[in-house]
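Inspection log for the structure reproduced underneath, given as structure tokens.
The figures that follow rest on heavy atoms only: side chains count, while hydrogens, waters and symmetry mates do not.
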Amino acid sequence: MLVEDNQMFRETLELLLGLRPEIEVVAAVATGNEAPETCALLRPDVVLMDYRMPGLNGAQATEAVLRASPSSRVVCLTASVSRKEVEQLLAAGAVACITKDEDLDDIVSAILGAAEAPA
């Protein structure tokens, strides 16, 4: 599942990930506020979470998502993130944090790695 407020990036990422046979994008939402309810319904294996969004930030949304769907794993995908923000994300339960300038193969590897992470 994707959580990304930038519509163009969200739609592009959804398309590119959807072309990968090892990944199924089950949903894409625009805000951290939408993520917990969607996760509660769909129980995705992995949530790819932006950090800077209107409403809940990535760390707050990660906590809410994991309350709603404890078996999901969260990977933060953001344009930039400070050391403190990474610490907040990991403390909230994210298993990884990567930047949007990574190669698609690296993003896919982070998603697959998260899917295999122990519960």
Using side-chain heavy atoms (C-beta onward) and a distance below 4.5 Å, is [X] in contact with [Y]?
X     : Y     : value
Met53 : Thr31 : no
Pro70 : Arg43 : yes
Val95 : Val75 : yes
Glu34 : Val3  : no
Val81 : Leu89 : yes
Pro54 : Asp5  : yes
Glu85 : Arg52 : yes

Glu37 CD: over 12 foreign heavy atoms closer than 6.0 Å:
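Not more than 12 within 6.0 Å, no.
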Does atom CD of Glu22 have more than 12 heavy-atom neighbours from other groups under 6.0 Å away?
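Yes, CD of Glu22 has more than 12 neighbouring heavy atoms, counting only those of other groups under 6.0 Å.
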Is there a donor-acceptor contact under 3.5 Å from the side chain of [X] to the main chain of [Y]?
X     : Y     : value
Ser69 : Val65 : no
Glu24 : Val26 : no
Asn57 : Ala59 : yes

Just verifying a value: how many Å separate [X] [atom1] and [Y] [atom2], rounded to the nearest 0.5 Å?
X      : Y      : atom1 : atom2 : answer
Ile107 : Leu77  : CD1   : CG    : 5.0 Å
Arg67  : Cys39  : CZ    : SG    : 12.0 Å
Arg20  : Ile111 : CZ    : CD1   : 9.0 Å
Leu66  : Arg73  : CG    : CZ    : 7.5 Å
Met1   : Met49  : CE    : CE    : 6.5 Å
Thr38  : Asn33  : OG1   : CG    : 11.0 Å

Please name the pair of heavy atoms, one in [X] and one in [Y], separated by the smallest distance, quoted to 0.1 Å.
X     : Y     : answer
Leu56 : Gly32 : CD1-O, 3.6 Å
Cys97 : Thr78 : SG-CG2, 4.3 Å
Val47 : Ser72 : CG2-CB, 4.3 Å

Among Val74, Leu17, Ile23, find the one that has a side-chain contact (heavy atoms from CB on, under 4.5 Å) with Leu48.
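Result: among Val74, Leu17, Ile23, Leu17 is the only option passing the side-chain contact (heavy atoms from CB on, under 4.5 Å) with Leu48.
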Linking I/L/V/M/F/W/Y whenever any side-chain heavy atoms sit under 4.5 Å apart, do [X] and [Y] land together?
X     : Y     : answer
Leu90 : Tyr51 : yes
Leu2  : Leu42 : no
Ile98 : Leu13 : yes

Inspect the contact between Lys100 and Asp50 and indicate whether a charged nitrogen and a carboxylate oxygen are less than 4.0 angstrom apart.
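So Asp50 pairs with Lys100 through a salt bridge.
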